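Down below is the structure, laid out as structure tokens.
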Amino acid sequence: MAYRDLKEQGIIPPAYDFIIHSRPGCALYVANLSLLHGVEEAIDLYFNENVDVFFGSPCSEETAVIGQMAAAANWNLPVLGYLSSDDSLSDKNVYNTLARTTVISATFFAQAVKMVLAQNGWKKVAYVGSNTLFNNLNRQAVVSALTPSGVDIFHMSTEANPTWQSIASNKAMTDLKANARVVLVMFGSEMNTSVPFMAAAHSLGYTADPDFVFIIFSLANNYQSRPWDADYNGVSYPYLRAAYEGAYIIRIAGLDFASVSTFRQKLLAAENYTNPVGNDASIMPMYDAVFLYGMALNKSLADTGNKSVFTNGAKLFQYMKNIEFTGVTSQVLINNDGERIPSYLFSRLPKNVSRIYTNLMVIEANRDDHCEPAIQGNLCYPYNITLTPDYLSITWPPDIPKCGYRYEKCDNTLFFTLGGVILASVIAVIVVYYIMKKRRESLLYLMPWRVSMESVKLLSSGTVVSSMISMTSLRDSSTSVNSKNVTTSLQQALVGNTRASVRRYKQLKRISFSRRDLNCLYY
């Protein structure tokens, strides 16, 4: 498809024609192949098919061998890598005919991570990933980029293909919380590989903690369905939607799902495919590699006028450096080493999780027009950082919480002391009140106001006292008593030391007092 587009756009000179040979290689992508099977195929292609250029292998291990053979004086063939990402391949003292259009670069990816952290002033982070070759390469690159700038990294590794339960129950998660709040999550090129970790972090309450920042790496977008979608592989997982809400993503510009889908539809239409199974995001840079080679053919022929210039790999390599064009993966910028500089987007998943990312920072590959690569080399390719209004509207949490990871920076002694005193005082008041209430209750029913018979001493019956009683008029139908003074005699007694008169009443029923009466009598 790339070759056809080059022809239609008139980039490949009419004097050139392509004959394409395709061989399987890379045990990582093709099952049942030996580790360096692609090297054997490359040797056969060179000696038996007289090929003039190699595209591949996808594996860095095979490309390393093929690149060295192609750079040998007796071969001198150009090699274009579209997926091999090992940083060692950028050494042009060894691979002086190798140019690469791969967007998966551990070195440049680490630079993007460094810029995001520097922009927010984060100096303490955690790097979380599975213990696989791909993740270890990225981990090494990130550590190499961040450590010299004073960033302290806490490492957490899991087994390959972990479950969320195994991660949640791992002591490493407790250690993670005790050592970092900014978490770099890298489990694979696809963001979906982060599901077990994010689900585990959500189950432990980490994702709901505003002090935590989760940054997920996304290097490919082959799947339309995402973990936070209402329909994720035909099923809805509300807890995953909650786990990813507000998470951040560092992704490669030009490899969003819309770009991958557009490429796929174009490829299906061009090659009359029905629905092939493949990793579209991984092969898109192959198109760009073929396009880069076509542009180098065009320029080298125009400069030299030599139709056989393509047979000189070292010469042709010079025309694949310091070049920029638009490919199927958006901007393709090749630096002075023949290495592509990917652009990145730092985005956020909004709280109302949807398919639309909120772009916060654009980390764009750029060539300084006032810089000469032949003199200053790759210094002519600085990254440009553009902050969006959405980024500026966010209050970014610090990498170390105000009170520290274990609250060791906040002295709570006074707080606990005052709290203890207040609590003790409250308890004391409650206890005293309870004791007084119980005592009052007991006194209430003891009726201390009652005069006991034992305390009454009757005096002799001859001791009397006269009392003047005013009698009111009593009337009935037959008698009439006028108001008058009546003198009556009462027996005397001593109640303790008090002299009292005695009157006797006949008790007809038991005397009982209500609580209200008792209160009145007591007080």
Side-chain angles (χ1 to χ4, degrees), residues 106-129 135 138-158 167-168 170-187 191 194 197-198 200-202 204-218 243-251 344-351 357-363 383 385-388 390-412:
T107 299
F108 292 119
F109 164 74
Q111 289 186 32
V113 174
K114 179 180 177 181
M115 291 175 190
V116 171
L117 299 184
Q119 187 64 45
N120 291 299
W122 291 329
K123 290 289 188 178
K124 176 74 173 178
V125 300
Y127 189 104
V128 181
N135 288 331
N138 280 293
R139 187 192 306 271
Q140 293 168 12
V142 169
V143 170
S144 298
L146 298 184
T147 302
S149 41
V151 177
D152 187 13
I153 306 173
F154 172 80
H155 299 273
M156 175 181 165
S157 294
T158 71
I167 295 177
N170 195 325
K171 180 180 177 296
M173 288 297 281
T174 303
D175 295 337
L176 171 68
K177 186 176 183 180
N179 287 277
R181 287 297 182 274
V182 179
V183 185
L184 309 177
V185 184
M186 179 61 175
F187 280 88
M191 196 185 312
S194 65
F197 175 80
M198 294 302 294
H202 182 63
L204 296 174
Y206 294 0
T207 58
D209 187 340
D211 287 339
F212 269 98
V213 175
F214 293 93
I215 302 176
I216 306 166
F217 305 148
S218 175
Y244 280 93
E245 281 186 350
Y248 299 90
I249 306 166
I250 295 181
R251 55 198 180 101
Y344 298 91
L345 299 172
F346 181 52
S347 309
R348 185 183 190 184
L349 285 170
K351 289 295 182 181
Y357 300 132
T358 302
N359 287 333
L360 306 175
M361 183 188 303
V362 180
I363 305 171
Y383 270 115
I385 297 178
T386 303
L387 303 179
T388 69
D390 290 300
Y391 175 91
L392 299 174
S393 68
I394 297 174
T395 301
W396 296 93
D399 54 352
I400 302 177
K402 180 180 179 181
C403 289
Y405 301 121
R406 304 173 183 87
Y407 303 100
E408 69 279 3
K409 292 187 176 182
C410 293
D411 185 1
N412 295 320

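Everything numeric here is computed off the predicted structure, so don't read it as measured data.
- A 4.5 Å side-chain heavy-atom check between T388 and M361 finds every atom pair outside the cut-off.
- No side-chain donor-acceptor contact under 3.5 Å links W122 to the backbone of R181.
- The structure places CG of L176 at 12.5 Å from NE2 of H155, a figure rounded to the nearest 0.5 Å.
- The side-chain heavy atoms of I167 and M156, taken from C-beta on, include a pair separated by under 4.5 Å.
- When all heavy atoms of A180 and A126 are compared, the pair lying nearest together is CB-CB, 3.6 Å.
- Contact check for Y127 versus V143: no side-chain heavy atoms found under the 4.5 Å cut-off.
- Using a 4.5 Å cut-off on side-chain heavy atoms (C-beta onward), I250 and V113 make contact.
- Between K124 and D152, at least one side-chain nitrogen of the basic residue sits less than 4.0 Å from a carboxylate oxygen of the acidic one, meeting the salt-bridge criterion.
- Nearest heavy-atom pair across R139 and S157 is NH2-OG, 3.2 Å.
- To the nearest 0.5 Å, the span separating CG on L345 from CZ on R251 amounts to 5.0 Å.
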| query | Going through the checks in order, is the side chain to side chain contact (heavy atoms under 4.5 Å, CB included) test met by I394 and L360? | reply | CA-CA 9 Å; I394 297 174; L360 306 175; 3.9 Å; yes

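- By the 4.5 Å heavy-atom criterion applied to side chains, D211 and K402 are not counted as neighbours.
- With no hydrogens or angles considered, a side-chain donor-acceptor pair links S347 and N359 at under 3.5 Å.
- Using a 3.5 Å distance cut-off with no hydrogens or angles, the side chains of S194 and Y244 do pair a donor with an acceptor.
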| message | With side chain to side chain contact (heavy atoms under 4.5 Å, CB included) as the criterion, how do L349 and Y357 come out once you've worked through the C-alpha distance, each side chain's angles and the decisive distance to 0.1 Å? | response | CA-CA 5 Å; L349 285 170; Y357 300 132; 3.5 Å; yes

| request: Give the C-alpha distance, both sets of side-chain angles, the deciding distance and a yes or no for side chain to side chain contact (heavy atoms under 4.5 Å, CB included) between F109 and V142. | output: CA-CA 8 Å; F109 164 74; V142 169; 3.9 Å; yes

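- Between Y206 and F212, the ring planes lie parallel to each other; the angle is under 30°, not in the 30° to 60° tilted range.
- For the pair F197 and V128, the minimum side-chain heavy-atom distance is below 4.5 Å.
- When atom types are taken as modelled, the side chain of T147 and the backbone of S144 share no donor-acceptor pair closer than 3.5 angstrom.
- The aromatic ring centres of F214 and Y248 sit 6.0 Å or more apart.
- Residues V183 and I215 have side chains not in contact (no heavy-atom distance under 4.5 Å, counting atoms from C-beta outward).
- Here N179 contributes atom CG and I153 contributes atom CD1; the two are 13.0 Å apart, rounded to the nearest 0.5 Å.
- A donor-acceptor pair under 3.5 Å is formed between the side chain of D399 and the backbone N or O of K123.
- The shortest distance between side-chain heavy atoms of M186 and I216 does not fall below 4.5 Å.
- The heavy-atom pair separating H202 from A243 by the smallest distance is CB-CB, 3.6 Å.
- Counting only distance, with no hydrogens or angles, the side chain of N120 and the backbone of V116 share a donor-acceptor pair below 3.5 Å.
- No more than 12 heavy atoms of other residues, nucleotides or ligands lie within 6.0 Å of NZ in K114, so this atom counts as exposed by the packing criterion.
- In this structure, Y383 and F108 have perpendicular ring planes: the angle between them is above 60°, well past the 30° mark.
- Between A145 and S149 the shortest heavy-atom distance is O-OG, 3.6 Å.
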| task | Go through V125 and L117 one step at a time and tell me if the side chain to side chain contact (heavy atoms under 4.5 Å, CB included) criterion holds. | result | CA-CA 9 Å; V125 300; L117 299 184; 3.9 Å; yes

